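Let me begin by presenting the structure, written as structure tokens, before commenting on it.
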Amino acid sequence: MIQLRVAPDSPLARKGTCGELRIVLFGPPGSGKGTQASLLKDKYGAEHISTGVILREAVANKTPIGLRARSYMEKGELVPDAVVIGIAKDKLATVGDQGFILDGFPRTIAQAEALGAALDEIAKPLDAVVNLEVDEDELVRRLSGRRVCPVCEEPYHIDTKKPRVEGKCDKCGADLVHRADDQPEAIRNRLGVYNSQTAPVLGYYEKQGILKNIEATGGIDVVSERIADALG
Ligand code: AP5
């Protein structure tokens, strides 16, 4: 059950979608998409759809998609559009009326167009695209200190978000790991890929009038409040 107060001029009220959150969390690697998606999911009950998480599972299970995606991901490059669009559409088809939080999708104009067409087909347009803005030095600091749970994907940080028990996930108790693409060379590559291939998607959503830019530095809770304000 979603408990969400909707201000009259909020994205949710304008779309007439009170009670169903349908947003994209957008931003460079390390901007806090996964962290904020997890909080929004807890708060509003919407389905968290992360293409990165789905792809990492496919790699771990050595599925055909995983075998194809692995080398792109390890280098910090984008997995081909056709693969990722298929994954996202399959997942969206399983979402009911609880709404969704897309995390890390879309990342190219072709993906954004495919998403728009898929949502038009089911008459569930996006309410907002929330763009998390963080400068590059801070992104590198966050990614190089990040540890993640390989089971539930909850993100931690060695300085700013320590688990209650060192090295163990607070949510499921699994041993935390350092992601292969959080090594210095892959981090640099991911930031370059973001600037050249993903940042242009912002203009696409700005033209649609649904882009919400959020200053995403400060504590995790502060950013979460800014997002809640932006969503109404
Ligand atoms: P994906 O898993 O989506 O990685 P990403 O976009 O690079 O994002 P990250 O998970 O690195 O960062 P985040 O923004 O979620 O930050 P987090 O919350 O963890 O994708 C991985 C790969 O899969 C891609 O490189 C690509 O190969 C492939 N892929 C996925 N989707 C694709 C697509 N659509 N098309 C093609 N390929 C695709 O936070 C980071 C750290 O910062 C954490 O330690 C956290 O604790 C800390 N932190 C968060 N917020 C704050 C704060 N406010 N203050 C201080 N610290 C904070």
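Start at 1 and go down the list; that is how both ligands and their atoms are numbered. Quantities reported herein were computed from a predicted structural model and do not represent experimental measurements.
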Output the list of atoms in ligand 1 that are nearer than 4.0 Å to some heavy atom of G219, sorted by atom number.
53 (N)

For atom 45 (C) of ligand 1, what is the nearest protein heavy atom, given as residue, atom name and distance?
T35 OG1, 3.8 Å

R147 side chain to P155 backbone, donor-acceptor under 3.5 Å
no

min-distance protein heavy atom vs atom 23 (O) of ligand 1 -> M73 CE, 3.4 Å

Side-chain atoms of residues 76-94: list all donor-acceptor pairs with protein atoms under 3.5 Å, sequence neighbours left out, distances to 0.1 Å.
{"from": "D81", "atom 1": "OD1", "to": "T108", "atom 2": "OG1", "distance (Å)": "3.0"}
{"from": "D81", "atom 1": "OD1", "to": "Q111", "atom 2": "NE2", "distance (Å)": "2.9"}
{"from": "D81", "atom 1": "OD2", "to": "T108", "atom 2": "OG1", "distance (Å)": "3.4"}
{"from": "T94", "atom 1": "OG1", "to": "K91", "atom 2": "O", "distance (Å)": "2.7"}

Nearest non-hydrogen protein atom, atom 16 (O) of ligand 1:
G32 N, 3.2 Å

Just by distance, no angles: are the side chains of T35 and K161 close enough, under 3.5 Å, to form a donor-acceptor pair?
no

Among non-hydrogen protein atoms, atom 33 (C) of ligand 1 lies closest to R107 CD, 3.1 Å

Near I220 (heavy-atom distance under 4.0 Å), the atoms of ligand 1 are 50 (N), 51 (C), 52 (C), 53 (N)

Is G218 in contact with ligand 1, taking contact as a heavy-atom separation below 4.0 Å?
yes

Protein contact of atom 26 (C) of ligand 1 - nearest heavy atom, named by residue and atom, plus distance:
E77 O, 3.5 Å

Any Lys/Arg nitrogen of K162 or D170 sitting under 4.0 Å from an Asp/Glu carboxylate oxygen of the other?
no

The atoms of ligand 1 lying under 4.0 Å from a heavy atom of G34, numbered in the order shown, are 13 (P), 15 (O), 18 (O)

Looking only at side chains, do S38 and E154 share a donor and an acceptor under 3.5 Å apart?
yes

Among all protein heavy atoms, pick the one closest to atom 35 (N) of ligand 1 and tell me residue, atom and distance.
Q111 NE2, 3.0 Å

How far is atom 28 (C) of ligand 1 from its nearest protein heavy atom, and which residue and atom is that?
L55 CD1, 3.7 Å

R141 meets the side chain to side chain contact (heavy atoms under 4.5 Å, CB included) criterion, sequence neighbours left out, with E138, H157, D159, T160

Just by distance, do the side chain of S196 and the backbone of G192 share a donor-acceptor pair under 3.5 Å?
yes

Check ligand 1 against P28 and write out every atom of the ligand that is under 4.0 Å from a heavy-atom position of the residue.
14 (O)

Any donor and acceptor pair, going by atom type alone, linking the side chain of Q36 with main-chain N or O of S31 inside 3.5 Å?
no

Where is the nearest protein heavy atom to atom 19 (O) of ligand 1: which residue, which atom, and how far?
R146 NH1, 2.6 Å

